[in-house]
Every structure is written in structure tokens, then in C-alpha cells.
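Contents: one structure, followed by commentary.
As the structure is a computational prediction, the values presented were derived from the model and not from experiment. Below, read A as the first sequence line, B as the second, and so on, with proteins coming before strands; counting in each chain starts at 1.
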Amino acid sequence: MVTIKEEVKKYNGLNVHFVPNEKFKTVHIVVKFRAPLSRETITKRALLPYVLQQGPNKYPSRKELQIALDNLYGAVLSIDGGKKGNSHILSFRLEVANEKFIPNESNIIEEAVGLLNEVIFHPNIDGNSFQEQVFNREKETLRQKIKSIVDDKMKYANMRLIDEMCEGEIYQTHVSGYEEDLSSLTAQDLYQYYKDLLENDQIDIYVLGDIEVNKMEQVISSTFKREGNQKTEKKVETDKSPSSKEVKEVIEEQNVQQAKLHIGYRTNILFQDSKYPALQVFNGVLGGFPGSKLFINVREKNSLAYYASSRLESHKGLLLVFSGIAPKDYQKARDIMEEQMTAMKDGDITNDELKETKDLIVNSLLETLDHPQGIIEMLYQQVIADTRISPDQLIENIQKVTLEEVIEVGKSIEEDTVYLLTSKGGE
Amino acid sequence: MNKKGYHQIEETLFHEKLNNGLDVYLLPRPQMSKTYAIFSTNYGSIDRTFIPIGETEEITVPDGIAHFLEHKLFEKEDRDVFADFGKQGASANAYTSFTKTAYLFSATSNVEENVKTLLDFVQDPYFSEQSVEKEKGIIGQEIKMYDDQPDWQSFMGTLKSLFKDTPVNIDIAGTIESISEITKDDLYTCYNTFYHPENMTFFIAGNFDPDSMMSLINENQNNKEFAKLEEIKRYYPTEPMEVAEKEIIQNMPVSVAKCTVGIKESHDELKGEKFVKKDLLQDMIITYFFSKSGQFYEQLYEENIIDSSFYFETNLDKNYGYSIIGGNTDNPDQFIDKIKELLLSTSSHEISEEDFERMKRKKIGQLLRSMNSLENIASKFIHYNTVAVDYFELIPTIQSLTVDDANQFLKEWITDDRLGVSKIVAG
């Protein structure tokens, strides 16, 4: 079958994953730091990427760092944070042209690894603190970013749904951090936290591309070094599922042209559960594709929306349904969307729908394996869920799902919250 | 069938112009799991005035019709084509730009079946009054969605300020009013004129055998008949060199104002060597000044005029071209004045040999990165092919550019009368 090769080695307190692959003209190096998601640390974790991207000690300004990257044939560096279930992951990504495709070049990859190591482990500091000036400036950058979430209505509605649905749960934590934390945060605090993260986060490094593993092993192991092993592995806690309750309805009004209707369901099934493949198929039949029930009924049959779909939060156990509609169509659209879910729970799924959806999921998994970041994210799922399921097995598991299993998972899905962002007065 | 090898980047491209005029390109990538195919017509939203096939008088059709036609081509008398692809495990999509309409699928199985489906559905239109009316609701919601997106409005505002008559100043999707006028007959008129094989390109990349793929496409096309097509007569207005309006201000409920400065890069037709040279230099030079390694970026950052929302983009097409520099700001006038001042200072700037070498490296790396993605290769290949440029030859072209070329370009790059501004402010 497809078979993605992955060799995992451990050295210097780091888990290193080599993924040799001839599909790509560039090499990807991704370093992932994982810690429990928490309200206390999130603003710091959200701010760190901004500060570190302003340049390490060796290239102490954004301009110098970028010139170094440009010289490496326009290598691309990005640092981002995100949540997967109740874990928070900081990812440092570097993509660099494979020297193989450039005449008279043989050192680009090794130099790129060195540069990434500088950015992560040798920041631009002043004693026991990040540089004050850089820190203050980037604090403002983050403040602006937090403030402007409301300008992206789809993203905003998503965040608000989770706020309402997961009130009091760890998962509610905003990945962009909180404005109220920023004013009291100092450059020393952030540096202290950065040192803590170097010691205590779980670190996984992925190296993917048309590479020779032996050669890369040497480069990686002689470059990246963590002082000592991971000290105390902090346990990622799971939220208690709230006892079943009435469906919560939240309506918010803003100056918008189009209303966003987002509905949250609890699936009570996680990525590592044996029922997860059946849940993926359930989601696919409901709203994963243009032939799915939501698309056909909300858009094609009733002309209510341009988009109507659903997706899973696989490490948290949520299924989210969303659509953009005219404000006056709220009740009608909600009824139709909820009817699709009810129909599925009642077993209204044909064998054709089942087969098509399975094929489409397999197709999209295979396509993910043609994208370098896709491969890395798919492999990293295993680290998050603490499982060993290879991409081949994931595909096989989808193919084995039966109609009965899909109907069975429907029983554990509960509607939790309906969130509507609409125009003033709903007209 | 012609075969052309590009050794440095390890690619082989097959080409044939079929009897009916269709250009077919095959790019085998046997390491990939998937195959990506795109069937594209040289017809976009700016093609609104033309002489319909078989007629003698020019007409102007309602705005948004190319995009409307794209939506309606998926719907047949008895079925939705998305479902056909779904049954064959493929995911299909389409898009309309200012100059192109493209239909595409990606699949990891049943590739030959899906190729036939793609060719057949695009070449077998079915429009009815009833389904045209139904689509107005769906596209209406698509337009409303864009109405709520400040970034899109900011982009369109910039084009409106730059272009007086070239229809890139009109939204691709049209307006609620303009699409309300569209009839079934309008769709057939546009379809019959612009979907002739002579005006179309088929590009497929991925995991397939080139010989059997070419014979399959040949056989499929030989079974269909098309009216004889003389050259399509399209009318584009004569566009002045200077901007249409110095400044366009729009009110939207944004948390931070959004500003752009636009450069009118081109206002008449360009092809071949002239096109590619301008295309590359335009991109390399704006990157040189405004990317994070650029001296302008550093200055803007240090003077606190820009934040992480700062961006720039540049685009050159057959008869228009623009660059946009933008970002969020609390002080729009300061932002605009400063960017303009910097731009106007470039004519006396001299790029050094060393800097230009780095610019070339960066551009080469960027091209190699874009070649990881079959989607990107296909759309870029077609884009360049329309203006008689070979996408796969871009790397040697970059290598042949000299610092004198760049400095020559720089002398004439900016004039005050080709700068326009767009502002989105709260209100």
C-alpha cells in the first residue's frame, strides 16, 4: 500500500522522527513542543512565537534572521501554537530547498538545521530576560491579534461556540491568549517560562524529504541538544464530560450581512477509541463532503447557504456543524441541520452513502500523504493520542467500517450548544 | 505526443494539441498517491464584452456570469456532478478568477473514470430557468459572505482605485443585482463561445501512465463534435496608465482600520519574454524592499507603523498587473504617507550585486517549494502558458537575470500617478 516510512530515534532528550520520502523538492524540519493546555500559561505560549521570530542571539534582528534564511535559497521559517484536545503544541517549522535540485550546492540542509537550532535554543536575551524592546513590541503585536479575531466572523463564531459549549473546561482556553494577561507580563516572566518549557515540554522533531537517513541522523544529533532529559512530564488532564442537559441556545448580534450558525455536539469518542473510524464515516456522511446530507439539504435543496458542513475535533470529542445563512432563515436552517443529524441517528444512511463516504475519506487520507506538512501532522496525531496507528492502518480501519457501526456511534452523539451570530434585530 | 524533459528539476512533460483544438498536458509523478486534473477555459470575469460564436454584434453580459456558469455546470438534468465524482472516490471543485474558469478533481483511485467525468460534464451543459433561479439564492449567500470579509473588501477597494475601465474593478461574483438579471440563455451564449476546445487547456499531474492517458483523452474528444470556431472577439476597454481614483474609503465594522497602497504595474497586453521578465522582477523587487529582510520593512517596523498583519502581494496577468502593500493600522494616514514616501524613493536606489544574488536564490527556492504541490504546478503552468511562458523554465530564466536588469526596472517602477489607496475604517 502507501506505506510512509518513519524511523523514530531518541537522543539528547529528544524524539526524532525521520521520514524519507522522494515526493518532494524541499526538506521539512519541524520541532514540536507539547505541554498541557492551561489558562495560566497560554498567553506566554501564544507570545513566544512572536518574540523568537524576531531573531536569535546570532542574528539579533528580524532583518538579519531573514537575510540568513534568504541566503539558504529562501528557506521558510514559521512558528505557531495550537491546541489538540487538552494539549498545547508549539511548532517550529523550517522548509528548505533540497540541494539536490540546485546546481553546485551541497550544504543548504545542514545549514538550515543549524539555523533552526539557533532560533529555538539560543534566543536573543539580556541576562535573565528577553530583550525588553523586542518583548514590548511583540506584546503589542499579540494584543492586536487578539483584538482582531472578531473581524473574521467564521473564526469568531467558532471560538464563541467553544466558549459557550465548554464553559469551565480546559479546552475552552483561547489559543491566542488573553489581553488581560498581557499588561502584567514581563520579559523576565516570559524568559523564565521559556526555560521551563525547554526543560519540561515533550519535544518531537520531524525530518521529512528526499534525504539519506544516516546522513541526517548525524546532522540532527550533533546539532539539537537538550540539557538533560525531559524533567517532569506534566500530565495532560481530561475534562469530565458534563452530565447531559438541555440544549443551550446562544444568540449574539453584530453588524453583519450574513449570519453564522454553528452547532456543537459531543461525540464522546476520541481519536484513539476503536469507534473513531466509524465516527469519521458518520461525520463524512453528515457534512464532510459536497455530497453529504448537510450540503445537499441546506444548500442544494433549500438554497439557504453557500457552505454547510461539519467537522470533528478528534482529540476532544466534538462534532461541529456550521453554515453561513441569511439572518431571517435561522429557524428554518437550524431545523434542517438538526433534522440531518436526527435522520442519521435513526439509521437513515444508505449503503451507497456509506461506500462513497468511505472512499472519499480514504482519498483524502491518501492526499494528505502527498503534502509534507500533512504527513507530519498525521504522524504526530499518534504522539498526541499515545497510539501506534500507521497511516496504512488508519486507511484500513476506515475501509472496515460497517453500516451498523456508523449507526451505533450515532447513539453516543449529543447536541450541546447552538450558537448564532446574526445581524442586529436578526433581519 | 511531444515529450520534454527538464533535467535539473527532474520533471517530464507531455503535450499534444488535439484535432478539435484542445491543448493537453501530462505531467507524470509516479511517486505520488494522487492525480490532479484541471480543465480550464481562458474565460473569466473580465470577459464581459464579446461577439458570441456565430454572430456579428458584440454584447455585454451581466457581471458575475462566468462564476455563475461555473456553479451551474455541475448541475445536470437528473443529477449533481459532485455526486458522480463522489461515487468514484474523487473530490471535485472549481474556481473562477478574473481571467480563467477551471474545473478540477483529485483522486487516488479510478483516475481514468474521473478524467472522463471531468471532460464530459464540462462539455455537456444543462441550464434551466428553474435551476438558474435556485442558484441565485446560493450565490447571493456567497456574495454576502464576502461582504462581511474586510480583507476581501480591502483588496477589491484597491483594484477599484487602480483600474478605471478594466473589469478587474468588478467583483468576480458580481452583485446581488447583477446576478438577478442572469438568464438561462445568457449562460448558453457564454458557454458556447468560451467553452470551445480551442479556448481550453487540460492539464493532469500525478500517478498515471502517459501513453494510455493521452489515448483515453483523444478517444473521448474524437467522439464529440464542435462548431468551427474563428478567433473569439473580446473587447477590453483601453485602460489609462494612471490610477482611477487616488483613494477609496469604505466603512465596515472593523476593530482596527485596514489600509493598502496599490501600485498599477501594468495596463496593457504583455506576452513572452517581456511578460516573464516583468513578472519576475516585479515580485523580486517588492520582496527585496518589503519582506522581513528588506530595509523598508525594518524601518516601518522600528517606527511602529506596521505590525504582524503587514503583507504585500503582486500579480501580473495578460492585460493588467498590480502590487498591494497593506496592513492593519490605528493611524491610516501615517501608514499611507510612509509607504508612498518609501515607494517614491526607490527610483534613486541601487541594488548591489550581492543583494541581487540573494534575491535570485530566494526566488529559486520559492519556485522549488511551489513544485511540491500538484495543484500549484497545474494552475501556475496554465497561467504562464496563456502568456506564452514555460513555467518549468523559470529557474534558468531567473539565473539569467542580471543586477543591471533589476536596476533598470527599479528606475521606472514607481510613479506617483500609478499609486492608489484603499481604506477600510470603522463606522
Decide side-chain contact (heavy atoms from CB on, under 4.5 Å) for A:Asp359 and B:Lys87; before the verdict, give the C-alpha distance in whole Å, the side-chain angles of both, and the deciding distance to 0.1 Å. CA-CA 8 Å; A:Asp359 286 351; B:Lys87 287 193 187 91; over 6 Å; no
Between A:Glu367 and B:Ser106, is the side chain to side chain donor-acceptor pair (under 3.5 Å) condition met? List the steps. CA-CA 8 Å; A:Glu367 286 198 11; B:Ser106 65; 2.2 Å; yes
A:Asn363 and B:Thr108: CA distance, side-chain angles, deciding distance, side chain to side chain donor-acceptor pair (under 3.5 Å) verdict: CA-CA 6 Å; A:Asn363 181 51; B:Thr108 49; 2.9 Å; yes
Would B:Glu375 and A:His371 satisfy side-chain contact (heavy atoms from CB on, under 4.5 Å), going step by step from the backbone distance to the final call? CA-CA 11 Å; B:Glu375 290 85 341; A:His371 292 278; 4.0 Å; yes
Let's go through A:Tyr307 and B:Met145 carefully: what are the C-alpha distance in whole Å and the side-chain angles of both, what is the deciding distance for side-chain contact (heavy atoms from CB on, under 4.5 Å) to 0.1 Å, and is it a yes or a no? CA-CA 10 Å; A:Tyr307 66 89; B:Met145 180 177 84; 3.4 Å; yes
Carefully, step by step, assess B:Asn372 and A:Thr26 under the rule side chain to side chain donor-acceptor pair (under 3.5 Å). CA-CA 7 Å; B:Asn372 279 346; A:Thr26 58; 2.7 Å; yes
Pair A:Val76, B:Arg369 - check side-chain contact (heavy atoms from CB on, under 4.5 Å), show working. CA-CA 10 Å; A:Val76 176; B:Arg369 273 205 319 282; 3.1 Å; yes
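The heavy-atom pair separating B:Leu368 from A:Ala97 by the smallest distance is CD1-CB, 3.8 Å. Across every non-hydrogen atom of B:Ser33 and A:Leu366, the tightest pair is OG-O, 3.6 Å.
Side-chain contact annotation: B:Lys144 with A:Gln257, donor-acceptor N/O pair under 3.5 Å present. For the residue pair B:Ser255/A:Asp151, the side-chain donor-acceptor check at 3.5 Å is satisfied. B:Gln141 and A:Tyr306 share no donor-acceptor pair across their side chains, judged by distance under 3.5 Å alone.
Neither the backbone nor the side chain of B:Gln88 comes within less than 4.5 Å of any heavy atom in chain A. Heavy atoms of B:Asp80 lying under 4.5 Å from chain A belong exclusively to its side chain. Only the side chain of A:Ser61 comes within less than 4.5 Å of a heavy atom in chain B; its backbone stays farther off. For chain A, no part of B:Glu357 is nearby; none of its heavy atoms comes within less than 4.5 Å. Neither the backbone nor the side chain of B:His7 comes within contact range of chain A, judged by heavy atoms closer than 4.5 Å. Residue B:Gln149: no heavy atom, backbone or side chain, is found under 4.5 Å from chain A. Only the side chain of A:Gln54 comes within contact range of chain B, judged by heavy atoms closer than 4.5 Å. A:Gln254 does not touch chain B: none of its heavy atoms, backbone or side chain, sits under 4.5 Å away. Only the backbone of A:Ile325 comes within contact range of chain B, judged by heavy atoms closer than 4.5 Å. Proximity to chain B (any heavy atom under 4.5 Å) is restricted, for A:Ala305, to the backbone atoms N, CA, C and O. Looking at A:Pro372, only its side chain comes within 4.5 Å of chain B, counting heavy atoms on both sides. A:Leu304 touches chain B through its backbone: at least one of N, CA, C or O sits under 4.5 Å from a heavy atom, while the side chain does not. Within the 4.5 angstrom heavy-atom criterion, atoms from both the backbone and the side chain of B:Asn304 approach chain A. In this structure, the portion of A:Lys260 lying under 4.5 Å from any heavy atom of chain B is its side chain and not its backbone. Contact of B:Glu11 with chain A is made through the side chain alone, with heavy-atom distances under 4.5 Å. Both the backbone and the side chain of A:Phe24 come within contact range of chain B, with heavy atoms under 4.5 Å apart. Contacts of B:Pro150 with chain A are made by side-chain atoms alone, with heavy-atom separations under 4.5 Å and no backbone atom involved.
Contact tally against chain A (heavy-atom pairs below 4.5 Å) for B:Gln366, B:Glu10, B:Met371: the top residue is B:Glu10. Contact tally against chain B (heavy-atom pairs below 4.5 Å) for A:Ser148, A:Gly324, A:Pro103: the top residue is A:Pro103. Listed options A:Lys153, A:Lys147, A:Arg299 were ranked by heavy-atom pairs under 4.5 angstrom with chain B; first place goes to A:Arg299. With chain A as the partner, the residue from B:Lys363, B:Lys360, B:Arg361 showing the most heavy-atom pairs under 4.5 Å is B:Arg361. Note: B:Ala107 leads B:Ser291, B:Ser131, B:Ala107 in heavy-atom pairs under 4.5 Å with chain A. Interface remark: of the candidates B:Glu135, B:Met252, B:Glu142, B:Glu298, B:Glu142 forms the most heavy-atom pairs closer than 4.5 Å to chain A. Interface summary for chain B: among A:Asn255, A:Asn71, A:Leu142, the most heavy-atom pairs under 4.5 angstrom belong to A:Asn71. In terms of heavy-atom pairs under 4.5 Å with chain B, the best-connected choice from A:Glu138, A:Gln133, A:Glu140 is A:Glu138. Annotation: maximal heavy-atom pairing with chain A below 4.5 Å, among B:Ser109, B:Ser373, B:Gly365, B:Ala83, occurs at B:Gly365.
Atoms CD and OG, on A:Glu64 and B:Ser293 in that order, are 11.5 Å from each other to the nearest 0.5 Å. Rounding to the nearest 0.5 Å places CD of B:Gln399 at 9.0 Å from CD1 of A:Ile102. The OH atom of B:Tyr301 sits 5.5 Å away from the OG1 atom of A:Thr141 when rounded to the nearest 0.5 Å. Atom OH of A:Tyr50 sits about 5.0 Å away from atom OG of B:Ser308, to the nearest 0.5 Å. Taking CE of B:Met359 as the reference point, atom CG of A:Asp70 lies at 10.0 Å (rounded to 0.5 Å). Note that NZ of A:Lys23 and CE of B:Met32 are 6.5 Å apart. Values are rounded to the nearest 0.5 Å.
Counting heavy-atom neighbours within 6.0 Å of B:Lys76 NZ, excluding the residue itself, gives a total above 12. Summarising the local packing, NZ of B:Lys136 is surrounded by more than 12 heavy atoms from other residues, nucleotides or ligands at distances under 6.0 Å. The environment of A:Asn104 atom CG is sparse: at most 12 non-hydrogen atoms of other residues, nucleotides or ligands sit within 6.0 angstrom.
Listed for the B:Asp148 side chain is a donor-acceptor partner under 3.5 Å among the backbone atoms of A:Gln258.
Between B:Glu302 and A:Arg137 there is no salt bridge, since no side-chain nitrogen of the basic residue lies less than 4.0 Å from a carboxylate oxygen of the acidic one. Between B:Lys34 and A:Asp370 no salt bridge is recorded (no basic side-chain N to carboxylate O distance below 4.0 Å). Using a 4.0 Å cut-off between charged nitrogen and carboxylate oxygen, B:Arg29 and A:Glu22 do not count as a salt-bridge pair.
A:Lys25 has its side chain within reach of B:Ile9: a pair of non-hydrogen atoms, C-beta onward, lies under 4.5 Å apart. Taking the side chain as every heavy atom from C-beta outward, B:Tyr297 and A:Lys63 never approach each other to under 4.5 Å.
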